Colleague: 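First the structure, then my questions, so here it is.
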Amino acid sequence: MSLQERDRKHIWHPLTQHQTAAAPIGIVKAKDALLWDEDGNEYVDGIASWYTAMYGHCNDYIISCASEQMKELDQVVFTGFTHKPAVELSEKLMRILPSNQQKIFFNDNGSTAVEAGIKMALQYHFNKGEKRDTLLAFEGGFHGDTFGAMSVSGLSVYNGPFKDFFLKVERIPVPTKDNLAELLIKLKQICAENKCAAFVYEPLVQGAAGMKFHDVGGLEEILKLCKQNNILCIADEVMTGFGKTGKYFASSYLEIQPDIICLSKALTAGMVAMSITSCTQPVFDAFLDDEIGKGFFHAHTYSANPIACATAIAGIELLTSEEIQKDISLIARAHRSFAKKIADHPKVDAVRSLGVIFALDLNVEMERYGSLRDQLFEFFMKQGVFLRPLGNTIYMIPPYVITDKQLEKIYISIEKSLSIF
Ligand SMILES: *Cc1c(COP(=O)(O)O)cnc(C)c1O
């Protein structure tokens with residue numbers, strides 16, 4: 001029996017309406033930028049498996065660091081104990097994170113990194129004797145699927161059943177050149193009428209919204225206003241982190257630095273799951289007290305799992321290497337010239353790229369998970385390219401190690417896809 005057939009019996013897939021969805025494809029092997037299915041078909045992984053495997057699948061260096069760690073120390077409770085991989089990772093992160101970040105808190109996925117960030121912000125104000133009950137977020141953002149993360153996500157098309165249980169959130173549009181003045185007036189009004197604790201945002205690129213970019217200067221103005229009102233700024237860099245925008249973090253493009261940063265996905269290079277919520281010294285200090293309850297009583301069993309930490313250390317070593325930095329700028333350049341080439345196509349509404357992120361909006365209306373979108377997905381798979389269009393947006397975030405030929409294959413298949421509808 002094929003994996004596909006055996007899967008049907010017991011497995012419940014994420015983001016899937018099992019009554020109508022096509023059967024999942026059994027993947028048996030991955031290497032660098034390639035995936036192979038159980039029938040022997042080869043695919044170029046154009047989105048690095050949700051932007052995790054940025055240094056390539058089954059990367060030999062990462063495998064060797066993880067397996068060395070496995071033989072030394074596999075897992076230990078991280079309350080009351082510490083270990084070298086966690087300490088070393090914190091030191092490595094300090095060298096690349098925005099300079100105001102001082103403390104590293106460990107979680108196990110992107111949603112829980114955001115969840116911990118929100119809880120930190122709420123307790124920060126609580127510990128200071130101030131009740132602040134409102135969160136600020138962008139329209140169309142995505143921050144994960146736990147309750148706090150869902151609440152701040154603006155993309156809650158399928159979150160209907162849970163809406164009544166959400167945290168209190170006020171929403172603002174992403175800044176553009178045209179709406180900034182109006183937006184700032186609205187934001188000032190929200191700040192005056194509510195007790196805002198934190199602003200949760202994806203800096204510069206909203207990933208799940210279809211790689212929507214926003215204005216650096218505008219974001220800077222919003223952050224400035226938040227800082228003036230003592231609203232903690234929580235940058236969700238789960239997607240943008242670790243080089244994808246061309247800098248180590250999207251926040252590095254900004255002068256005003258976030259109080260809290262959420263990291264996951266490429267943090268562990270696609271090998272295992274882990275996430276981090278980093279913060280500044282003042283945020284950490286607000287939890288220091290003789291009273292135990294003022295501490296941050298939030299934990300995950302696998303917090304700072306040593307193998308995950310070893311993987312993350314290896315990932316940062318690769319990220320900061322000359323070779324990977326060169327790969328990133330070559331991909332960025334190739335994206336820019338492809339964008340220029342395709343921009344005037346009659347089926348194309350808009351194109352944009354930043355670092356290794358490329359997105360193209362089609363000139364047609366499409367549902368987020370509608371049939372035309374499915375048709376596009378299948379077309380790409382037939383071409384040997386794995387891309388997951390989001391509504392009428394086709395995007396790619398290829399692994400840094402993708403070859404010129406593989407990248408060219410993605411470009412060609414995107415161009416071809418424009419003539420199937
Ligand atoms: C993927 C993602 C998350 C959620 O991460 P999970 O590991 O899937 O829980 C949160 N924020 C952003 C920006 C993401 O891209």
Side-chain angles (χ1 to χ4, degrees), residues 24-66 205 207 211 239-246 264-273 311-312 314-339 342 353-360 376-390 394-417:
I25 296 156
I27 297 294
V28 292
K29 193 174 165 58
K31 185 70 186 168
D32 302 331
L34 295 174
L35 300 169
W36 286 273
D37 72 15
E38 60 181 328
D39 299 323
N41 298 308
E42 182 181 288
Y43 308 96
V44 180
D45 188 351
I47 60 168
S49 291
W50 269 341
Y51 1 116
T52 55
M54 298 309 293
Y55 316 104
H57 286 281
C58 297
N59 180 292
D60 291 333
Y61 182 63
I62 290 176
I63 291 172
S64 78
C65 294
V205 188
M211 302 300 148
M239 190 285 285
T240 49
F242 301 98
K244 291 172 206 113
T245 63
S264 189
K265 289 194 168 127
L267 166 69
T268 41
M271 188 66 72
V272 285
T311 306
I316 294 172
E317 282 168 2
L318 292 175
L319 174 69
T320 52
S321 71
E322 235 170 82
E323 218 175 320
I324 291 289
Q325 286 301 310
K326 197 170 142 221
D327 290 340
I328 292 174
S329 54
L330 287 177
I331 295 170
R333 195 197 303 166
H335 278 357
R336 283 194 296 269
S337 71
F338 178 60
I342 203 96
S353 78
L354 178 68
V356 304
I357 304 168
F358 173 93
L360 177 161
L376 265 177
F377 171 79
E378 279 158 31
F379 174 83
F380 288 128
M381 291 299 274
K382 284 218 177 73
Q383 304 279 315
V385 168
F386 171 44
L387 295 176
R388 280 181 57 93
L390 288 162
I394 298 171
Y395 77 92
M396 65 173 126
I397 301 187
Y400 303 141
V401 298
I402 194 168
T403 65
D404 293 348
K405 228 170 148 184
Q406 290 162 345
L407 192 56
E408 195 55 33
K409 187 173 176 179
I410 300 179
Y411 293 148
I412 289 168
S413 68
I414 289 178
E415 237 179 313
K416 276 193 195 160
S417 79

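As the structure is a prediction and not an experimental result, all values here were calculated from the model.
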Colleague: Can you tell if the side chain of Leu319 reaches within under 4.5 Å of the side chain of Tyr55, non-hydrogen atoms only?
Modeller: yes

Colleague: For Glu322, look at atom CD and say whether over 12 heavy atoms of other residues, nucleotides or ligands are found less than 6.0 Å away.
Modeller: no

Colleague: Roughly how far, to the nearest 0.5 Å, is CD1 of Ile62 from CG of Leu318?
Modeller: 5.0 Å

Colleague: Got a second to check how far Ile324's CD1 is from Ile316's CD1, nearest 0.5 Å?
Modeller: 13.5 Å

Colleague: Give a yes or no on this: more than 12 heavy atoms of other residues, nucleotides or ligands lie within 6.0 Å of atom NZ of Lys326.
Modeller: no

Colleague: Within the structure provided, determine whether Ile414 and Met396 are in side-chain contact (heavy-atom separation under 4.5 Å).
Modeller: yes

Colleague: Would you check if the side chain of Lys31 reaches a backbone N or O of Cys58 as a donor-acceptor pair within less than 3.5 Å?
Modeller: yes

Colleague: Distance-only, no hydrogens or angles: does the Glu42 side chain make a donor-acceptor pair with backbone N or O of Leu35 under 3.5 Å?
Modeller: no

Colleague: Would you compute the distance between atom CG of Asp37 and atom CD1 of Ile27 and round it to the nearest 0.5 angstrom?
Modeller: 5.5 Å

Colleague: Taking all atoms of both residues into account, what is the closest heavy-atom pair of Pro399 and Ala53, and its distance?
Modeller: CB-O, 3.5 Å

Colleague: Start with the C-alpha distance between Tyr395 and Ile357, add both sets of side-chain angles, then the distance that settles side chain to side chain contact (heavy atoms under 4.5 Å, CB included), and finish with yes or no.
Modeller: CA-CA 7 Å; Tyr395 77 92; Ile357 304 168; 5.9 Å; no

Colleague: Roughly how far apart are Thr268 OG1 and Phe242 CZ, rounded to 0.5 Å?
Modeller: 8.5 Å

Colleague: Could you walk me through whether Met54 and Val356 pass side chain to side chain contact (heavy atoms under 4.5 Å, CB included), step by step?
Modeller: CA-CA 10 Å; Met54 298 309 293; Val356 304; 4.0 Å; yes

Colleague: Out of curiosity, Leu267 CG to Thr52 OG1, how far, rounded to the nearest 0.5 Å?
Modeller: 11.0 Å

Colleague: Can you list the steps and then say if Met381 with Glu378 is a side chain to side chain contact (heavy atoms under 4.5 Å, CB included)?
Modeller: CA-CA 5 Å; Met381 291 299 274; Glu378 279 158 31; 5.6 Å; no

Colleague: With the side chain counted from C-beta on, respond yes when Val44 and Leu407 share a heavy-atom pair under 4.5 Å apart, and no when they do not.
Modeller: no

Colleague: I'd like to check Tyr411 versus Glu408 (side-chain heavy atoms, cut-off strictly below 4.5 Å). Are they in contact?
Modeller: yes

Colleague: Within the 4.5 Å heavy-atom criterion, are Ile410 and Phe358 side-chain neighbours or not?
Modeller: no

Colleague: About how many Å separate NE2 of His57 and CG of Asp32, when rounded to the nearest 0.5 Å?
Modeller: 9.0 Å

Colleague: Crowded around Trp36 CH2? As in, over 12 foreign heavy atoms under 6.0 Å?
Modeller: yes

Colleague: Look at atom CG of Asp39 and say whether more than 12 heavy atoms of other residues, nucleotides or ligands are closer to it than 6.0 Å.
Modeller: yes

Colleague: Show your reasoning for whether side chain to side chain contact (heavy atoms under 4.5 Å, CB included) applies to Glu323 and Tyr400.
Modeller: CA-CA 10 Å; Glu323 218 175 320; Tyr400 303 141; over 6 Å; no

Colleague: Is there a side-chain contact between Phe379 and Lys416 in this structure, where contact means two heavy atoms from C-beta onward sitting under 4.5 Å apart?
Modeller: yes

Colleague: For the residue pair Phe338 and Ser353, establish whether any side-chain heavy-atom pair is separated by less than 4.5 Å.
Modeller: no

Colleague: Given side chains that start at C-beta, do those of Met271 and Ile63 come closer than 4.5 Å, heavy atoms only?
Modeller: yes

Colleague: Would a distance-only check, ignoring hydrogens and angles, find a side-chain to backbone donor-acceptor pair under 3.5 Å from Lys244 to Met239?
Modeller: yes

Colleague: Would you call the rings of Phe386 and Phe377 parallel, tilted or perpendicular, taking 30° and 60° as the class edges?
Modeller: perpendicular

